[in-house]
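Since we're looking at a predicted model, the values are computed, not measured. Each ligand, and each atom within it, is numbered from 1 in the order the structure gives.
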Amino acid sequence: MIISRGLSAIGVLSLPTLMRLIQVLISLVTPSSVEYPKQAEIKHGQTFDFIIVGAGSAGCVLANRLTEVSDWKVLLIEAGGDPPITSNTFSILFIFQLPALFSLVDYSSSDWNYYTENDGYTSQAHRTKNVHLTRGKMLGGSSGANYMIYVRGSREDYDDWANQGNEGWNWDNVLHYFKKSERMIDPIILNGETAQNHNTNGYLGVTRPDWKEKTEPLYEAFKENGHRILSDIHGEQQVGYYYPTFTIDNHIRQSTANAFLSPIRDRPNLFVLKNTLARKVIFDGKKAIGVEVLLPGGKVSEVFANKEVILSAGTINSPQLLMLSGIGPAAHLEENNIDVLIDSPNVGENLQDHACVLLIVAGKRNIVSAVQNLAGFVHLDSFPSPVVAGHVALDRKQTYPDYQAVLFVEPAASLTASIICATVVGLEYSICNEISYAIQDRESLIVAMTLLKPDSKGKIELKNKDPLEKVKIYSGFYSNKNDLEQHARSVEDFSTIVNTTYFKSVGSELVNVNLEACKNFTYGTHDYWKCYALNMVSTLWHPVGTCAMGPEGVGVVDERLRVRGVTGLRVSDASIMPAITRGNTNAPTIMIAEKTADMIKLDHGISIEV
Ligand SMILES: Cc1cc2nc3c(=O)[nH]c(=O)nc-3n(C[C@H](O)[C@H](O)[C@H](O)COP(=O)(O)OP(=O)(O)OC[C@H]3O[C@@H](n4cnc5c(N)ncnc54)[C@H](O)[C@@H]3O)c2cc1C
Ligand SMILES: *[C@@H]1O[C@H](CO)[C@@H](O)[C@H](O)[C@H]1NC(C)=O
Ligand SMILES: *[C@@H]1O[C@H](CO)[C@@H](O)[C@H](O)[C@H]1NC(C)=O
């Protein structure tokens, strides 16, 4: 053994502090390389054509596209400030070669730091007995905090949206907007058979690191296990293990602030208010005419829109803002002493998220890399560590996946797994200690096992009518028991990988974290994995659906994303998804905003490119 069990335990305990320290150090030593719009100087009562609330994945795209119309004045309001350097510059990761720095935004002041409610049922192996739900609070929103995997979801996801009565949202419709935003840089994809599904002149840079040498044996193992291997997941075939693409360009994160806002920061018709909280929408009767804001100095002010107000505050905050403005379930609003403008029972309901369970596969013994890593306390591999991803159907004939497996390939004694365990997810230290002990001299795979199509639903509720108060978030994970069955089956399906030729040849095994809560179950059985998933479950940070579009009587917004019951108000962000997509949600949210911009232009008589 390289280090004693006791020492690794101390290491694990100090990780959260170490990560905070690194956050501070990095922000002190690194100059910012990206420039953002300056703070607008506005007057109380000033009028714009459009007001967009929230400069996240959706809001920055909308601000860009709407200011293409030069005689439209657009105000973008964001609660956070410029992105911190820890969000941005990947070159520092290559200089310091530190692992897992992608997690440096979590828990910082650029994170809303939401936690789900403890339901006494799920996530009980977390130190807080609930889930930390990072949401970016900065220009770029959660696209400044995310893990940058570029995935669109399945054809069936969007065809289902359309079939539920949302005209204009089927796969063929939305593919146009996925392509519109994209600037694909990878030469293999651009010369491959999926090239027609990509575009090279959008704002959002998408690249793919070449990890083939390191990851090839893993793809071979998945192939042996009966899986299809796809060069690119964005073709006609959407089930298989694939070489993932990332929203990274030239080592710079392609947050929507970097990709969509920075290039147009000097447009004279763009006005950006940072560190400014929208408190509620102002109505004249049932017409939205403006927004009440809390300015950085602490003053409450009003700004007006003579065309439309658009909420892009994300899945947690958009329904909160609607409710604070009198649009929501009447009884719930009355409980909170809010005057009911529109009784809209589904505001805050229909919350869907991707439940994620962490698995560690310990692999080949590698004393050399273990010693190197421990001596320098750093990765000798460059970050990001190689990533392998799969969209897997339990029934191999199905055309859409049931689960996603994302594998991070780590050298021996890597700290990444412990950081994810102790800091990002916040599991019990005893679990993280088991993990760090198991991989101290072995290479490993950190596996994020995600249930892609849950039936469970959660919800958002107000605590009270104070706009500064955080809402209550009920994740609803596994509230439908079938989801727990499916997730356990997914883990079992994945775990058969240890019996493939390659995995056997390096003596791989799943790390048994000795979960106290599951000690009455035989390790590795279906009931054990159910218990494991139930206690370990975390989020892949993909909450959607709380202001879902849908037909009259169901949808909070209609298929043009207009809030039902009022005029002059739309919602455009991840909250409008009627059902979660089978994949990561950033690219779909950007697509939603691209499409919204065209719908707004058409509705105001501006022609669009098709
Ligand atoms: C840690 C993490 C990892 C992820 N990894 C991936 C990944 O690898 N790939 C992927 O595709 N997706 C990933 N996601 C998910 C993806 O980033 C989100 O689905 C997407 O960013 C949501 O976009 P949005 O526009 O709906 O909300 P956001 O991007 O969260 O934007 C909302 C914005 O509104 C602002 N705001 C909120 N309320 C107010 C108010 N009252 N006044 C003013 N401003 C307000 C917020 O500060 C924020 O900037 C990840 C997310 C996280 C957090
Ligand atoms: C691996 O194969 C052995 C022998 O067939 C079997 O007992 C075991 O359950 C398999 N392991 C997994 C995780 O599938
Ligand atoms: C395990 O089983 C024992 C004996 O039936 C019981 O007392 C204990 O509460 C169980 N532990 C857990 C974590 O369920």
| said: So if I count the atoms of ligand 1 from 1 in the order they appear, which ones are less than 4.0 Å from some heavy atom of Gly314? | reply: 26 (O), 27 (O), 32 (C)
| said: Considering Asn225, Val491, Asn499 one by one, which has a heavy atom nearer to atom 10 (C) of ligand 2 than any of the others? | reply: Asn499
| Between Thr207 (side chain) and Ile248 (backbone), is there a donor-acceptor pair under 3.5 Å? | yes
| field | ligand 1 contact by Trp112, heavy-atom criterion under 4.0 angstrom | value | yes
| task | Say whether Thr276 and ligand 1 are in contact under the criterion: heavy-atom distance to a ligand atom below 4.0 Å. | result | yes
| query | Roughly how far, to the nearest 0.5 Å, is OG1 of Thr247 from CD of Gln254? | reply | 7.0 Å
| request: Determine whether the side chain, the backbone, both or neither of Gln320 has a heavy atom under 4.0 Å from any heavy atom of ligand 1. | output: neither
| query | Charged N to carboxylate O below 4.0 Å: is that the case for Arg65 and Asp598? | reply | no
| message | Heavy-atom pairs closer than 4.0 Å: do any link ligand 1 to the side chain of Arg279, the backbone, both, or neither? | response | neither
| task | Run the numbers on Leu515 and Tyr532 for side-chain contact (heavy atoms from CB on, under 4.5 Å), then give the verdict. | result | CA-CA 7 Å; Leu515 266 187; Tyr532 182 92; 3.8 Å; yes
| note | Taking only non-hydrogen atoms of Arg135 and a 4.0 Å limit, the atoms of ligand 1 in range are 51 (C), 53 (C)
| task | Kindly state whether the ring of Tyr243 and the ring of Trp211 have centres lying under 6.0 angstrom apart. | result | no
| said: Just to be sure I'm reading this right: ignoring hydrogens, which of Asn146, Ile316, Val544 gets closest to atom 6 (C) of ligand 1? Compare them by their nearest heavy atoms. | reply: Asn146
| message | List ligand 2 atoms under 4.0 Å from Ser495, heavy atoms only on the residue side. | response | 13 (C)
| task | Indicate, as side chain, backbone, both or neither, the part of Thr496 found under 4.0 angstrom from ligand 2 when only non-hydrogen atoms are considered. | result | both
| request: Please determine, by modelled atom types, if Asn317 and Tyr114 share a side-chain donor-acceptor pair under 3.5 angstrom. | output: yes
| Is the shortest N/O to N/O distance between Ala574 and ligand 1 below 3.5 Å? | yes
| Under 3.5 Å: N/O of Ile149 near N/O of ligand 1 | yes
| request: Taking only heavy atoms of Leu321 into account, list the atoms of ligand 1 that are under 4.0 Å away from them. | output: 41 (N)
| query | Between the side chain of His234 and the main-chain N/O of Asp232, is any donor-acceptor distance below 3.5 Å? | reply | no
| task | Return the orientation label for the Phe222 and His227 ring planes: parallel under 30°, perpendicular over 60°, tilted otherwise. | result | perpendicular
| Close-contact set for ligand 1 against Asp573 heavy atoms, below 4.0 Å | 25 (O), 26 (O)
| message | Can you confirm whether the side chains of Gln404 and Asn584 place a donor and an acceptor under 3.5 Å from each other? | response | yes
| field | Heteroatom proximity flag, Thr134 to ligand 1, N/O under 3.5 Å | value | no
| query | Gly141 heavy atoms, cut-off 4.0 Å: which ligand 1 atoms fall inside? | reply | 29 (O), 48 (C), 49 (O)
| Proximal atoms of ligand 1 relative to Thr585 (non-hydrogen, under 4.0 Å) | 10 (C), 11 (O), 12 (N), 15 (C), 16 (C), 18 (C), 19 (O)
| message | I'd like to know if Glu182 pairs up with Arg152 as an ion pair, taking the criterion as any Lys NZ or Arg NE/NH1/NH2 lying under 4.0 Å from an Asp or Glu carboxylate oxygen. | response | yes
| field | Under 3.5 Å side-chain donor-acceptor pair for Glu516 and Asn514 | value | no
| Can you list the atoms of ligand 1 that are under 4.0 Å from a heavy atom of Ser312? | 32 (C), 33 (C), 34 (O)
| task | Using modelled atom types only, decide if a donor and an acceptor are shared between the side chain of Lys459 and the backbone of Ser475 within a distance under 3.5 Å. | result | no
| Is any N or O atom of Tyr147, backbone or side chain, closer than 3.5 Å to an N or O atom of ligand 1? | yes
| For the side chain of Ser325 and the backbone of Val281, is there at least one donor-acceptor N/O pair under 3.5 Å apart? | yes
| Lys/Arg-Asp/Glu bridge criterion (N-O < 4.0 Å) met for Asp466, Arg279 | no
| query | Nearest protein heavy atom to atom 49 (O) of ligand 1, by residue and atom, and its distance? | reply | Glu78 OE1, 2.6 Å
| message | Against Val309, only a single residue in Leu569, Leu75, Val571 fulfils side chain to side chain contact (heavy atoms under 4.5 Å, CB included); can you say which? | response | Leu569
| query | With only distance considered, is Asp106 within less than 3.5 Å of ligand 1 through an N or O on each side? | reply | no
| query | Against heavy atoms of Asn317, which atoms of ligand 1 measure under 4.0 Å? | reply | 37 (C), 38 (N)
| task | Ignoring hydrogens, tell whether any protein atom lies closer than 4.0 Å to atom 3 (C) of ligand 3; use the non-hydrogen atoms only. | result | yes
| Sub-4.0 Å protein heavy atom next to atom 7 (O) of ligand 3 | no
| remark: Looking only at non-hydrogen atoms, the one of Ser575, Gly59, Gly54 nearest atom 34 (O) of ligand 1 is Gly54
| Test of proximity, Val53 against ligand 1: N or O pairs below 3.5 Å | no
| request: Would you check whether Val151 reaches within less than 4.0 Å of ligand 1, judged by its heavy atoms? | output: no
| field | Side-chain ion pair, Lys274 and Glu78, N-O less than 4.0 Å | value | no
| said: With nothing but distance in play, are any N or O atoms of Gly80 less than 3.5 Å from an N or O of ligand 1? | reply: no
| said: Asn520 versus ligand 3: do any nitrogen or oxygen atoms come within less than 3.5 Å of each other? | reply: yes
| remark: Of Ser110, Ser143, Ala79, the residue with the heavy atom nearest atom 44 (N) of ligand 1 is Ala79
| note | atom 29 (O) of ligand 1 has as its nearest protein heavy atom Ser142 N, 2.9 Å
| Hey, is ligand 1 close enough to Leu277 that some N/O pair sits below 3.5 Å? | no
| note | On a heavy-atom basis, the closest approach of Leu62 and Ala593 is CD2-O, 3.7 Å
| field | Side chain, backbone, both or neither: the part of Ala517 lying under 4.0 Å from ligand 3 by heavy atom | value | backbone
| query | Do other residues, nucleotides or ligands put more than 12 heavy atoms under 6.0 Å from Lys280 NZ? | reply | no
| field | Gln238 versus His391, side-chain donor and acceptor atoms under 3.5 Å | value | no
